[in-house]
Amino acid sequence: MIDTYRMAVDRAAIFSETDANGTIIYVNDMFCTISGYNKDELMGRNHRVLNSGTHGPVFFEEMWRTISSGSTWKGDICNRAKDGSLYWVHSAIMPMVDPQSGRIERYISIRFDVSEKKELLRDLEWRADHDVLTGLLNRALLAQKAKETCAEQRSSGKSVVVGMIDLDSFKEVNDGYGHAVGDKLLVIVSARIKNALRPTDIVARTGGDEFVLVLKDLQDYSEIGSTVIRIMAAIHAPCIIQGIEFRVSACIGLTVYPKDNRSVDTLLRHADQAMYVAKQKGPMSYHIFDVIHDSKVKSGFKIINRVKEALRLGELSLFYQPKICLNDCSVVGFEALLRWHDPERGLVSPLDFLPQIENDKIICDIGEWAIEQAVAQISEWCATGRNWSISVNIAARHFQEKSFIERLALVLKNAGHVNPGLLDIEIVESVALDNIEYVNKCIVGCQGLGVTFSIDDFGTGYSSLNYLKQLPTQTLKIDQSFVWDMLVDAEDFSITSAIVGLAKAFNKVVVAEGVETQEHFFALRKMGCDLAQGYLMAKPMPAADVVRWEAEYVQSAQYRALRQAHGVAEMALA
Ligand code: C2E
Ligand code: MG
Ligand code: MG
């Protein structure tokens with residue numbers, strides 16, 4: 001090579017030459033620095049001396065096929081330095097052909113150190129599906145692993161146990177000793193749970209003090225019982241942090257697949273319900289979801305009558321989940337979400353009873369009750385200077401009642417001086433599309449009373465642009481299924497950003513639901529989405545907890561981090 005070129009390359013890159021068999025005939029100083037070998041140690045040896053074992057034979061076969069046929073090979077290679085450490089280089093390997101014989105006489109390679117980039121990428125990939133504090137899987141990876149485990153066990157005729165662990169009184173540790181101690185305790189408890197399991201079992205952290213187990217190859221209920229007791233005992237062993245002894249206990253709810261033959265989401269919900277029943281029994285209890293009882297309750301009229309009774313007996317309540325402004329992180333309002341405190345089944349999700357009753361008149365009674373509750377709550381918060389809005393979900397059957405507007409007007413009138421602009425009504429996209437002219441008239445009528453409207457689960461109902469133009473609602477809520485996967489699925493990312501764009505074009509506020517990680521938060525902020533709702537900020541909570549939650553939220557490290565938006569997450573999106 002011309003000397004001046006060689007000098008330039010020597011300064012800029014890791015450079016080496018081998019003969020046609022891969023024997024090193026030249027290395028520059030940068031090559032020696034990164035590999036830790038001196039020139040004498042390298043000259044005359046085969047390049048294989050740097051092989052790290054990271055790449056299989058197919059990788060090198062493909063490389064040799066390319067270069068020995070006269071073409072340049074480019075790619076990233078992981079090499080092993082003399083001290084055993086690994087480093088990544090982006091490499092271009094070029095064959096040098098003798099013009100006389102036409103044969104390849106040597107190979108020259110130019111490499112750049114990309115170890116830091118690789119490290120950062122690996123770290124980001126890891127963060128996407130792990131809980132950073134404890135190193136356990138997060139919800140996203142858990143769901144995927146649980147699905148795979150269920151499919152695999154089912155095909156071999158075996159069961160899978162899905163369990164939900166919730167620590168007892170963990171909030172008191174956080175409140176009494178601070179979050180730093182709480183975090184240390186979580187790390188210790190996570191390690192103990194992991195150690196109490198077999199290597200093939202799965203454990204994930206899905207919320208503050210909530211863990212999920214996916215256990216396989218358990219033969220019968222007595223084996224499930226002994227495993228659960230082993231986990232509880234491990235958690236309960238004393239642990240000393242900053243000189244203070246803690247004894248944590250936990251309750252565990254479980255369900256067994258395929259006896260409980262449902263999707264992973266439903267299995268998790270059933271485990272959660274069972275955990276709630278366990279909590280009612282007291283600390284250190286466990287409960288296994290009762291499939292037969294559950295299916296009995298769900299069948300036919302029985303459930304309608306039970307829900308009627310639940311409404312009458314005051315077993316229904318609304319939980320509130322905050323909506324946060326993506327720009328300044330302020331709390332702008334809450335979505336009211338229905339919960340049923342069934343004395344036998346525990347806390348029942350609306351998804352476990354609303355589908356069976358949504359065509360019965362009871363759904364209208366529940367909707368009206370929910371509006372009354374929400375309006376009273378708005379009034380209570382406003383009295384203390386908190387002008388938070390509340391969104392109430394209204395079912396199709398209820399919204400299409402002829403008397404809907406009239407009844408709404410009555411509730412607002414009975415409530416006295418409530419600002420109707422703080423009441424928002426959510427209807428799902430499919431309802432809005434069902435009978436667009438009538439729905440439009442209704443929406444406009446309600447807006448005449450001052451209330452606002454949101455289209456819920458947007459993106460699932462095939463809205464055409466024309467419909468969207470006609471719908472006079474103020475807000476679109478992006479369905480959470482798109483949000484969950486938007487960082488790993490390019491299509492969901494495109495759909496989410498397209499909905500944000502549409503909302504902007506039609507001058508509507510856009511809310512992303514199901515925001516579970518900071519990475520989602522930052523990506524949505526970057527897209528220009530207005531509001532976020534999701535487990536990252538808070539799960540739905542009883543009204544009594546809201547004021548305290550907000551006070552803690554604006555003091556929290558997470559709030560500061562979201563406001564400032566810095567670090568790895570932002571770099572990844574740049
Ligand atoms: P939705 O209106 O789309 O409500 C959002 C659901 O997503 C809620 O489930 C909420 O708890 C859950 N969620 C919020 N953030 C996250 C997150 O970050 N990750 C995950 N995995 N989930 C999140 P929920 O409370 O079980 O309600 C389910 C559905 O039941 C609601 O979906 C709504 O369609 C319906 N619903 C709830 N309350 C009422 C009600 O009072 N009346 C009517 N008619 N329907 C209701
Ligand atoms: Mg909703
Ligand atoms: Mg929704």
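Indexing begins at 1, ligand by ligand and atom by atom, following the structure's order.
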- Task: Take atom NZ of Lys147 as the centre, draw a 6.0 Å sphere, and report whether it contains more than 12 heavy atoms from other residues, nucleotides or ligands.
- Result: no
- Item | Mode of Gln480 contact toward ligand 1 - side chain, backbone, both, neither (heavy atoms, under 4.0 Å) | side chain
- Atoms of ligand 1 close to Gly534 [distance to a heavy atom under 4.0 angstrom, numbered from 1]: 15 (N), 18 (O)
- Validation row: Trp388, Leu422 side chains within 4.5 angstrom (heavy atoms): no
- Task: Heavy-atom contacts with Glu516 under 4.0 Å: which atoms of ligand 1 show up? List them by number with element.
- Result: 17 (C), 18 (O), 19 (N), 20 (C), 21 (N)
- Message: Per the side chain to side chain donor-acceptor pair (under 3.5 Å) rule, what does the pair list look like for residues 160-175, sequence neighbours excluded?
- Response: Asp166-Lys279, Asp168-Ser249, Asp168-Lys279, Asp175-Arg548
- Side chain, backbone, both or neither: the part of Val392 lying under 4.0 Å from ligand 1 by heavy atom: neither
- Message: Can you see whether Tyr535 has Lys539 sitting over its ring - NZ or CZ less than 6.0 Å from the centre and within 45° of the normal?
- Response: yes
- Indicate, as side chain, backbone, both or neither, the part of Glu335 found under 4.0 angstrom from ligand 1 when only non-hydrogen atoms are considered. side chain
- Message: Out of all atoms in ligand 1, which are within 4.0 Å of some heavy atom of Ala395? Include the element for each.
- Response: 44 (N)
- Message: With a cutoff of 4.0 Å, is Ser349 in contact with ligand 1, counting heavy atoms of the residue only?
- Response: yes
- Message: With heavy-atom distances below 4.0 Å as the criterion, list the atoms of ligand 1 near Asp457.
- Response: 3 (O)
- Message: Any N/O/S atom from Asn393 (main chain or side chain) under 2.8 Å of the Mg ion (ligand 2)?
- Response: yes
- Task: Taking all non-hydrogen atoms of both residues into account, name the closest pair between Leu536 and Gln558 and its distance.
- Result: O-NE2, 2.7 Å
- May I ask you to identify, for Arg139, whether its side chain, its backbone, both or neither come under 4.0 Å of ligand 1 on a heavy-atom basis? side chain
- Message: Just to be sure I read this right, does ligand 1 sit under 4.0 Å from the backbone of Leu354, its side chain, both, or neither, counting only heavy atoms?
- Response: side chain
- Query: Do the side-chain N and O atoms of Asp352 and Gln273 include a donor-acceptor pair separated by under 3.5 angstrom?
  - Reply: yes
- Message: Under a 4.0 angstrom heavy-atom cut-off, which atoms of ligand 1 come close to Pro540?
- Response: 11 (O)
- Hey, is Leu351 touching ligand 1 through its side chain, its backbone, both or neither, going by heavy atoms under 4.0 Å? side chain
- Query: Does atom NZ of Lys504 have more than 12 heavy-atom neighbours, drawn from other residues, nucleotides or ligands, at distances under 6.0 Å?
  - Reply: yes
- Pairs satisfying ring pair (Phe, Tyr, Trp, His ring centres under 6.0 Å), at least one member in residues 400-423, at least two apart: His398-Phe404, Phe399-Phe404
- Query: Does one side chain, of Asp479 or Ser481, offer a donor that lies under 3.5 Å from an acceptor on the other?
  - Reply: yes
- Within-shell test, Arg339 vs ligand 1, heavy atom, strictly < 4.0 Å: yes
- Query: Is the closest heavy atom of Phe319 to ligand 1 under 4.0 Å?
  - Reply: no
- Query: Looking at side-chain heavy atoms only, is the closest gap between Val161 and Ile288 below 4.5 Å?
  - Reply: no
- Classify the side-chain pair Gln480/Glu516 by whether it contains a donor and acceptor separated by less than 3.5 Å. no
- Item | Minimum-distance atom from the Mg ion (ligand 2) among N, O or S atoms of Glu335 | OE2
- For Lys477 and Ser391, test the side chains for any donor-to-acceptor distance below 3.5 angstrom and give the result as yes or no. no
- Message: Judged on heavy-atom distance to atom 42 (N) of ligand 1, which of Leu318, Asn393, Ile357, Leu316 sits nearest?
- Response: Asn393
- Within 6.0 angstrom of Glu437 CD, more than 12 heavy atoms from elsewhere: no
- Query: With atoms numbered from 1 as shown, which atoms in ligand 1 lie under 4.0 angstrom from a non-hydrogen atom of Val515?
  - Reply: 18 (O)
- Message: Within 2.8 Å of the Mg ion (ligand 2), is there any N, O or S atom belonging to Asp456?
- Response: yes
- Note on the structure: Atom name of the N, O or S atom of Glu426 nearest to the Mg ion (ligand 2) is OE1
- Message: Within 2.8 Å of the Mg ion (ligand 2), is there any N, O or S atom belonging to Glu513?
- Response: no
